[in-house]
Number of protein chains: 2
Amino acid sequence: MELSERKLKILQAIISEYIKTAEPVGSRTLSKKEGFDYSPATIRNEMADLEEMGYLTHPHTSAGRVPSDKAYRLYVNELMERPQLSKDEKAIIANRLHETTVDFEKTIAHAASILSEITNLTSFAMTPKKTEDVIKYINLLSVDEETVVLMIVSESGKVSNKAVKMSVPYTEDSLELLSKTMTYNYKGKTVSQALTNNIIANFETDVVAMSGMAEDVMPNFMKTLEDMLNVNLYMEGLSNIFDIPEYSDVSKARSFIEMLSQKEEMTKKLIERDDGITVTIGDENEDSNLQDCSLITASYSVDGKLVGKIGVIGPTRMKYSKITSIIEYLTENLTDTFKLESGERTDDIDDKKGENEGVNNNE
Amino acid sequence: MELSERKLKILQAIISEYIKTAEPVGSRTLSKKEGFDYSPATIRNEMADLEEMGYLTHPHTSAGRVPSDKAYRLYVNELMERPQLSKDEKAIIANRLHETTVDFEKTIAHAASILSEITNLTSFAMTPKKTEDVIKYINLLSVDEETVVLMIVSESGKVSNKAVKMSVPYTEDSLELLSKTMTYNYKGKTVSQALTNNIIANFETDVVAMSGMAEDVMPNFMKTLEDMLNVNLYMEGLSNIFDIPEYSDVSKARSFIEMLSQKEEMTKKLIERDDGITVTIGDENEDSNLQDCSLITASYSVDGKLVGKIGVIGPTRMKYSKITSIIEYLTENLTDTFKLESGERTDDIDDKKGENEGVNNNE
DNA sequence: GTTAGCACTCGCTTAGTCAGAGTGCTAACT
DNA sequence: AGTTAGCACTCTGACTAAGCGAGTGCTAAC
């Protein structure tokens, strides 16, 4: 069977009605809608067809129709209009985003909370996976007789450090030599490369005098590299799920929160997702806990290379169009922020994509 | 009316029974308990007295008795026995605690998750408030032509850093001079002192050549100091509240999670609490959202000075005795970990408080 | 002072009823 | 042939009533 013009129209109406109300949509409700000149009976016939084709379901005989995941997929791919955000909305996002400190981690966390506030959903933001970050510079600094600080600067601008207790005496000169040697050996390598081949081992044998120092420093160096690979996941608006009728059931709410609390799991799932804006709907999600949810994620980049993710999670019945636009704008903004590292932002991001302004907020 | 021996015994029995089952305790149940040689009727009389005195309440006429907050307070202060943890339990905690990396923040977060796992409650852990942390050492390091790294080492061993984009050219020498000057000016000051009196301002006027550099560096210095003051709050086991019958009501669960999600609020509340083990029960909590809950917190210290908090939050009906012991042991362990900075722990913490082993797990 | 007995009170569960919403089908209409 | 009105049917959700069980409070006897 073909999806006629009218079927599409009806399907779209059902979806947006259901997104708004969370109630199964009946034929009478639809026929009363503006622009619908068909009687309930006609609509019922079309609905029956749509159901046969897998776009609608029936909670029970005497209930209205509910869109299936397949319907949402069609909606997202073809039916929905992507409203440009209004200037005001954009301004709100941009301002909120820059009200925070310049600290990277905080900005990411803040982005998550903005997203959750605007969408009224549960949101998350992930710091970039730094596997590909390149070591630029390694330094050892004397703090006191038995403490030095190991510092690793990477191309992305991230500086990691670690205090190291030295078990052997050291001199400023030997520290400097060790720093230089380490930099020489590791500079230009990615963090993950550096982790896999422990180059300094060779070095130790060469300069015996320094092997004691190296023994103190290297384990800490490795630990620090490992730390650099860690991805942080920020989550906001957990309690928003309680606003969603689907989760007024305690056991459902429970498993939702339980799932989200497992940060490692969640992080892994998010990393695996494609870059760019990605929408997965209901049973398209592999995780069984997620099959009642939809996930919208997008990626931002730092310095044009490292890629982090940000997104929302909510019921399949969510405002895909609006939320997609919001996330898109937010990630553009983030990427932009992390490009002009030093903080002097240009303020014309708003107009970046040409002027297609203030229109269809169809929700 | 006096609290006779028998009344106390009955009250204690009601409390521990109720803690275990979450069901109102009836007179028959009690009379069947081992060591209770009184008939239900006798017990009923005593119960009536206890209710009159404010230690018990009645959800409704035909229900059993439920302890009041006043009863829990009595229980915590006088009735409950504080079981020493068994060697096994201690070993589990200690091992779990040290299975993590040496990274400070991670250890704290990990402590929270251990606590939540063991107690099956929602737990939290707060990094220390560093207002009193003393600046030890400030350094500026050249990374490339336009980037330097600002590094602040504090007495507590914490190293903070920030990449600074320089708008003016600089030389290694001038960097070193600026580092030295800053160290000279700020060394020995606490972070909060340093924040309040911006000493370097004077310096700028003295050495004109450096004022450009200082202008780039100082705002970042201040930002970094502010960052150092930030307290992180880690929370674990949020979904554990769903195990608690009291929170099977969605709206209750909601307000619980909502409250906990407001990290700033929570942090403030926790900071305000007394150090040492502190138990607040039900309406003893000022916050109205917390009046159905009890809070047990304890403080750990870093290097004998900075103080952080860790604790659990749960229904007033919680296993005070066991949980208190667990938290006490955990904080001792944490404090100890952060004393022997370099990581070589002695393994005799278990025996620190003398041998009073393997007894009354009365729950 | 303690206990047995008994009437009484609630809350929870199950079954039963009823109104409302919505469907599916058939037959009539355009 | 597509559209519509009408009607029987189904299912849910809210409400009500009855019965059970747990537990109390009181009285009178031990």
Side-chain angles (χ1 to χ4, degrees), chain A residues 1-11 13-15 17-18 20-33 35-68 71 245-246 248-250, chain B residues 1-11 13-15 17-18 20-33 35-68 71 245-246 248-250:
Chain A
M1 208 183 310
E2 265 303 290
L3 271 175
S4 68
E5 193 74 12
R6 193 168 71 183
K7 281 195 173 61
L8 279 177
K9 191 175 168 193
I10 289 176
L11 185 55
I14 292 176
I15 295 174
E17 186 70 18
Y18 185 67
K20 222 190 295 175
T21 63
E23 296 289 329
V25 186
S27 53
R28 237 174 67 89
T29 321
L30 268 201
S31 82
K32 274 186 293 189
K33 250 193 149 180
F36 271 80
D37 295 331
Y38 309 99
S39 74
T42 311
I43 294 175
R44 277 207 292 281
N45 286 331
E46 296 286 38
M47 280 173 157
D49 288 348
L50 285 168
E51 180 159 0
E52 208 175 309
M53 294 162 79
Y55 290 107
L56 295 177
T57 35
H58 235 164
H60 56 86
T61 6
S62 75
R65 296 312 210 288
V66 169
S68 67
E246 281 90 332
S248 53
D249 176 21
V250 180
Chain B
M1 207 183 311
E2 265 302 289
L3 271 174
S4 67
E5 193 74 13
R6 193 169 70 183
K7 281 195 175 57
L8 279 177
K9 190 174 169 194
I10 289 176
L11 184 56
I14 292 177
I15 294 175
E17 186 69 17
Y18 185 68
K20 222 190 295 175
T21 63
E23 297 289 329
V25 186
S27 53
R28 238 176 67 88
T29 321
L30 269 200
S31 83
K32 274 187 294 186
K33 249 193 149 181
F36 272 80
D37 296 331
Y38 309 100
S39 76
T42 312
I43 294 174
R44 276 207 292 281
N45 286 332
E46 297 286 39
M47 280 174 157
D49 288 347
L50 284 167
E51 181 159 359
E52 208 175 309
M53 296 162 79
Y55 290 107
L56 294 177
T57 37
H58 235 164
H60 55 88
T61 5
S62 74
R65 296 313 209 287
V66 169
S68 68
E246 282 89 333
S248 55
D249 175 21
V250 179

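Side-chain atoms are counted along with the backbone in the values below, which use heavy atoms only and exclude waters and symmetry mates. Not measured: the values here are computed from a predicted model. Just so we're on the same page: letters track the sequence lines, and every chain starts at 1.
- Not counting sequence neighbours, B:Glu17 has no partner by the side-chain hydrogen bond (donor to acceptor under 3.5 Å, both in side chains) test.
- When all heavy atoms of B:Leu56 and B:Glu51 are compared, the pair lying nearest together is O-CG, 3.6 Å.
- Nearest heavy atoms, B:Pro40 versus B:Arg28: CG-CG, 4.0 Å.
- Side chains of A:Met47 and A:Ile14 form a contact here, defined as non-hydrogen atoms less than 4.5 Å apart.
- Partners of B:Arg6 by side-chain hydrogen bond (donor to acceptor under 3.5 Å, both in side chains), not counting sequence neighbours, listed by chain and number: B:Glu46.
- Closest to the side chain of A:Arg6, out of C:dG11, D:dA5, D:dT3, is D:dT3.
- Position along DNA chain C of the nearest nucleotide to A:Glu51 versus B:Thr42 favours B:Thr42 as the more 5'-ward residue.
- For the pair A:Leu30/A:Tyr38, no side-chain contact is recorded, criterion being any heavy-atom separation below 4.5 Å from C-beta on.
- Atom CG of A:Asp49 and atom C1' of D:dG2 are 13 Å apart (whole Å).
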Side chain to side chain contact (heavy atoms under 4.5 Å, CB included) between B:Leu3 and B:Leu50, worked out: CA-CA 8 Å; B:Leu3 271 174; B:Leu50 284 167; 3.6 Å; yes
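- Heavy-atom minimum distance, B:Pro67 versus B:Ala71: CB-CB, 3.9 Å.
- In this structure, the CG atom of B:Asn45 is 9 Å from the P atom of D:dC26, given to the nearest Å.
- With a cut-off of 3.5 Å on both pairing distances, the Watson-Crick and G-U wobble pairs of DNA chain D assemble into stems of 3 or more at C:1-30 with D:1-30.
- To the nearest angstrom, P of C:dG22 lies 11 Å from CD of A:Glu17.
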Nucleic acid footprint by protein, nucleotides 12-19 of chain C - heavy-atom cut-off 4.0 Å, B for base, S for sugar-phosphate alone: --------
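- A donor-acceptor contact shorter than 3.5 Å links the side chain of A:Ser68 to the backbone of A:Gly54.
- B:Thr29 is linked by a side-chain hydrogen bond (donor to acceptor under 3.5 Å, both in side chains) to nothing, counting only residues two or more places apart in sequence or in another chain.
- In this structure, A:Leu30 atom CG and D:dT4 atom P are separated by 14 Å, rounded to whole Å.
- Nucleotide C:dC10 holds its C1' atom 6 Å from the NE2 atom of B:His60, rounded to whole Å.
- In this structure, CD1 of A:Ile43 is placed 12 Å from P of D:dA5, rounded to the nearest angstrom.
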Summary of protein contacts for nucleotides 15-24 of chain D, nucleotide by nucleotide, where a base hit scores B, a sugar-phosphate-only hit scores S (4.0 Å, heavy atoms): -------BSB
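- Proximity of A:Lys7 to A:Tyr55: side-chain heavy atoms (C-beta onward) are nowhere separated by under 4.5 Å.
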